[in-house]
Protein chains: 2
Amino acid sequence: MQESRDRYKAMVDKLKEHNHKLTPQRLAIIRILSESKEHPSVEDISRRLQRDFPGVSEATVYRNVLLIKSLGEVLEIGFAGESTHYDGRKPHPHPHIVCIKCRKIIDPDLQSLKEMVEEITEESGFEVVTYRLDFFGICPGCRTMNA
Amino acid sequence: MQESRDRYKAMVDKLKEHNHKLTPQRLAIIRILSESKEHPSVEDISRRLQRDFPGVSEATVYRNVLLIKSLGEVLEIGFAGESTHYDGRKPHPHPHIVCIKCRKIIDPDLQSLKEMVEEITEESGFEVVTYRLDFFGICPGCRTMNA
DNA sequence: CTTTCTGCAAAAATTTTGCACGGAC
DNA sequence: GTCCGTGCAAAATTTTTGCAGAAAG
């Protein structure tokens, strides 16, 4: 998919730009991040890596994901009680709407987000740097199914 | 504060209702949860507990927080890269603003949240059941410190 | 050839669990 | 007296770090 290739290239370019070496392991991790839509954990990435790099160290995956995150090319998604997940396809914060029945995820374009950030700045004096915004509910399809 | 006492009572009642025993340790953990505005971690709770219960086990805190969570009386707040925090004062979902410097967490009252839920319902047809909404930024104090 | 990167293993940090004793009811 | 809860220690997870050798540029 074109999108995956674009993300792959963007990540490689960012690495080059910051004079990081392009090791095969690193490139393989980037490939997995750019192709995975399911927000893989370090363990997921490591497991998929074994195919091409048997014996690759999990520490290497941690180090590289951390590096890529520091370059702003992957979004970290932490849930309580489980290991951290990563989104390398859309590295910038964005809201999600998740259907709790069919697990479908959509990325809405919320006009009210900008307004909300303004409200926060005004009310609390915080300078908003980033956010995470996930709504969980029942999608139209699932609502009609068991109405 | 009245609010703290109400929360304390609500948690105790819920325990009684489900036939859980009211041990001193358990009551002390509930007291801390009901009084803490800063969303303490298990470690935080455990440290504060030492005052009244020297030698209290961290495992006991874990077990009790888990129990109280299963009764719906505490909100679990997980962030990537650090231990899970808990809010016993507002056990239902609500937005957070987290300072990325001093880690302070505040609970804003956002008028625009209702509007955002409406926007989601209108635009996507989702029936919003729950959410998690966390903004990360720099609080006024930390902004002035290194301005 | 220099510097970074990797693998390994150990250490940290966080959370869970088994078991015997003790305390709430 | 009966269970449930606690303390302790060990185990299980998840993530970080030190170091020596390997490899990218």
DNA chain D contacts made by residues 8-23 of chain A, counting heavy atoms under 4.0 Å: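 Those residues are A:K21, A:L22.
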Any residue meeting salt bridge (Lys or Arg N to Asp or Glu O under 4.0 Å) with A:D107, in chain and number order, not counting sequence neighbours: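 Expected list: A:K90.
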All side chain to side chain contact (heavy atoms under 4.5 Å, CB included) counterparts of [X], not counting sequence neighbours:
X	result
A:E17	A:K14
B:R89	B:M1, B:E3, B:S4, B:K37, B:D87
B:R5	B:Q2

Review item, nucleotides 13-18 of chain C N/O atoms under 3.5 Å of protein N/O:
{"residue": "C:dT15", "atom": "OP1", "partner": "B:T84", "partner atom": "N", "Å": "3.1"}
{"residue": "C:dT15", "atom": "OP1", "partner": "B:T84", "partner atom": "OG1", "Å": "2.9"}
{"residue": "C:dT15", "atom": "OP2", "partner": "B:Y62", "partner atom": "OH", "Å": "2.5"}
{"residue": "C:dT15", "atom": "O5'", "partner": "B:Y62", "partner atom": "OH", "Å": "3.3"}
{"residue": "C:dG18", "atom": "O6", "partner": "B:R63", "partner atom": "NH1", "Å": "3.3"}

Pairs meeting criterion ring-ring contact (aromatic ring centres under 6.0 Å, His included) with involvement of residues 88-132 of chain B, two or more places apart: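 Found A:F135-B:Y131, B:H39-B:H96, B:H94-B:H96.
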Within residues 48-60 of chain A or reaching into it, pairs that qualify as salt bridge (Lys or Arg N to Asp or Glu O under 4.0 Å) - sequence neighbours excluded: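 Salt bridge (Lys or Arg N to Asp or Glu O under 4.0 Å) check on residues 48-60 of chain A returns A:E38-A:R48.
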For B:F79, ring pair (Phe, Tyr, Trp, His ring centres under 6.0 Å) partners two or more places apart: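 Once residues adjacent in sequence are excluded, the partners of B:F79 under the ring pair (Phe, Tyr, Trp, His ring centres under 6.0 Å) criterion are B:F136.
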Degree of bending, the helix from C:dC1-D:dG25 to C:dC25-D:dG1 (end axes from five pairs; round to 10°):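 End-to-end axis angle for the helix from C:dC1-D:dG25 to C:dC25-D:dG1: 40°, rounded to 10°.
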Under 3.5 Å side-chain donor-acceptor pair for B:T84 and B:E76: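 Judged by distance alone, the side chains do not pair up.
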Remaining members of the apolar cluster that contains B:I68, side-chain heavy atoms under 4.5 Å: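 Members other than B:I68 - counting any ILVMFWY side chain reachable under 4.5 Å - are B:Y8, B:M11, B:V12, B:L15, B:L22, B:L27, B:I29, B:I30, B:I32, B:L33, B:V42, B:I45, B:L49, B:F53, B:V56, B:V61, B:Y62, B:V65, B:L67, B:L71, B:V74, B:Y86.
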Sequence neighbours excluded - side chain to side chain donor-acceptor pair (under 3.5 Å) pairs with any residue from residues 19-35 of chain B: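 Checked against side chain to side chain donor-acceptor pair (under 3.5 Å) - neighbours excluded - the pairs reaching residues 19-35 of chain B are B:R26-B:N64.
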Nucleotide [N], atom [atom2] - distance to [atom1] of [X] in whole Å:
X	N	atom1	atom2	value
B:R26	C:dG23	CZ	P	16 Å
A:R47	D:dT14	CZ	P	11 Å
A:N64	D:dT15	CG	P	15 Å
A:Q25	D:dA22	CD	P	14 Å

